[in-house]
Amino acid sequence: MVKNNLRISGIAIIVCVMVIAIYMKGHNDGETGNDNNLPIGQANAELTPVEWSRTKPYPKQEVYYPGTEELAADEMRVIACGTGMPQPRLKQAAACFLVELGNGDKFIFDMGEGSFERIMALGIPLDQLDKVFLGHLHLDHAGDFPAFYFTGPVNNRLTPLRLWGPSGVKPEWGTKTWAAKMQEQWAWEKAGRGSAVDPRGLALEVNEFDWMAVNKVIYDERGVTIRTLPAIHLDQSVSFLLDWNGLRFAFSSDTLPNKWWREHATDADLSIHECFIPPQMMMERYGMSPSEAVYVGTQGHTAAQAFGKIMSLTKPKHAVCYHFQNDFDTQIIVAEEIRKTYDGPLDLAIDFMTWNVTKDGIHTRMAVPNHESFPAPPQMTKQPPDSMTAYKWTDFSLSGVEPESAAVTNALIDEFNKRNGTDVKPGLTGLPFMDKK
Ligand SMILES: [Zn+2]
Ligand SMILES: [Zn+2]
């Protein structure tokens with residue numbers, strides 16, 4: 001009995017020492033402000049117990065404040081910048097996912113309507129967002145690319161933009177022609193506003209690849225490989241697999257579950273695949289006819305039950321469905337449908353959902369975006385526009401400047417010059433007075 005008591009005391013002492021050690025670890029991390037960013041897997045073990053300071057930052061946030069957390073060297077972070085439909089809504093932009101890696105690389109997959117403002121709300125300098133992969137050229141996956149490209153330099157992007165996208169069934173339907181026509185379509189934007197910005201940000205590198213290529217590497221830099229898979233969504237649509245540091249991110253863009261995804265999108269850590277609300281609901285919510293609802297919801301896209309099936313077949317560590325209006329009532333229905341065919345880890349994506357991915361696991365949180373964002377500061381010294389004088393106003397516009405308002409504006413510019421020690425000359429508003437001289 002005595003012997004037993006001694007043994008129990010010994011165990012108790014060891015446990016006490018361990019608890020103190022764990023406590024000290026948590027406490028010391030608190031001193032350096034690191035304890036709200038513990039590697040996944042250790043979080044539970046090391047955070048108990050924690051002494052919370054009355055004056056220091058709250059040690060554990062179950063949200064992600066963009067720009068406040070350093071990525072570990074072996075960590076991936078994915079942020080949903082668009083999870084919705086072609087039908088515009090405040091709550092959900094159309095398709096867009098941002099992938100950030102611990103080596104500093106960042107990739108954008110799809111840029112549907114509304115996604116540009118979500119990206120800006122993360123406060124990331126646009127120079128760091130220079131790689132965009134488009135799964136297909138529908139507006140809900142590519143609609144914000146022109147805005148991102150043309151107004152990037154206005155928002156302090158001083159480096160070229162790089163684009164990857166599929167070829168077309170006809171050459172004129174492919175990404176290369178699309179990008180060239182986009183430049184033509186926005187010729188006036190480029191001539192006018194483009195003449196007033198750093199010219200480097202308007203350079204565009206277009207990488208078109210074969211839409212039928214299976215598991216082909218289309219990007220291989222700095223230890224990151226990105227492969228393309230054919231998708232079944234009309235034609236000339238693709239899905240992507242990103243591999244880095246033993247982590248795999250799979251993104252379907254739009255597709256029916258297909259044999260290429262089944263064969264190659266296996267072993268993904270994070271697998272993001274489209275999924276629709278049931279046809280019955282599509283009739284009710286979108287006013288579709290029965291044939292429209294069935295065609296759009298099960299043939300052009302992946303029905304929720306079919307999403308569950310392809311996830312069961314490919315077994316990702318964590319599955320994410322997107323591409324439906326995710327509300328309190330639709331999400332219950334979609335989850336019920338998916339659970340008929342899949343019982344693994346699952347998130348129903350909503351804009352700003354954030355995933356931290358490491359070899360130890362996946363941690364889902366919501367990001368808290370900045371609703372009042374300004375562009376992040378430029379990352380290098382701005383180059384003067386090389387064509388500022390290339391844009392010539394017509395005499396018609398020049399003749400229309402209102403002189404008394406122009407005088408007020410010119411006084412404002414004088415005041416500005418005095419305050420800043422500069423000598424900026426008024427352009428248009430100087431003209432009526434220049435004419436008089
Ligand atoms: Zn589509
Ligand atoms: Zn779509």
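Side-chain atoms are counted along with the backbone in the values below, which use heavy atoms only and exclude waters and symmetry mates. Just follow the structure's listing: the first ligand is 1, and inside any ligand the first atom is 1.
- Panel note: side chain Thr83, backbone Tyr322; no donor-acceptor pair is recorded below 3.5 Å.
- The Zn ion (ligand 2) has Asp140 OD2, His141 NE2, Asp254 OD2, His323 NE2 as protein N, O or S atoms under 2.8 Å away.
- The side chain to side chain contact (heavy atoms under 4.5 Å, CB included) test with Pro230 is passed by exactly one of Val238, Asn215, Asp210, Val214: Val214.
- A salt bridge does not link Glu208 with Lys176: every distance from a Lys NZ or Arg NE/NH1/NH2 to an Asp or Glu carboxylate oxygen is 4.0 Å or more.
- Salt bridge status for Glu100 with Arg77: present, with a side-chain N to carboxylate O gap under 4.0 Å.
- The existence of a salt bridge linking Asp351 and Arg118 is confirmed by a sub-4.0 Å separation between a basic side-chain nitrogen and an acidic carboxylate oxygen.
- Among residues at least two apart or in separate chains, salt bridge (charged side-chain N to carboxylate O under 4.0 Å, His left out) pairs with a member in residues 300-326 are Asp269-Lys317.
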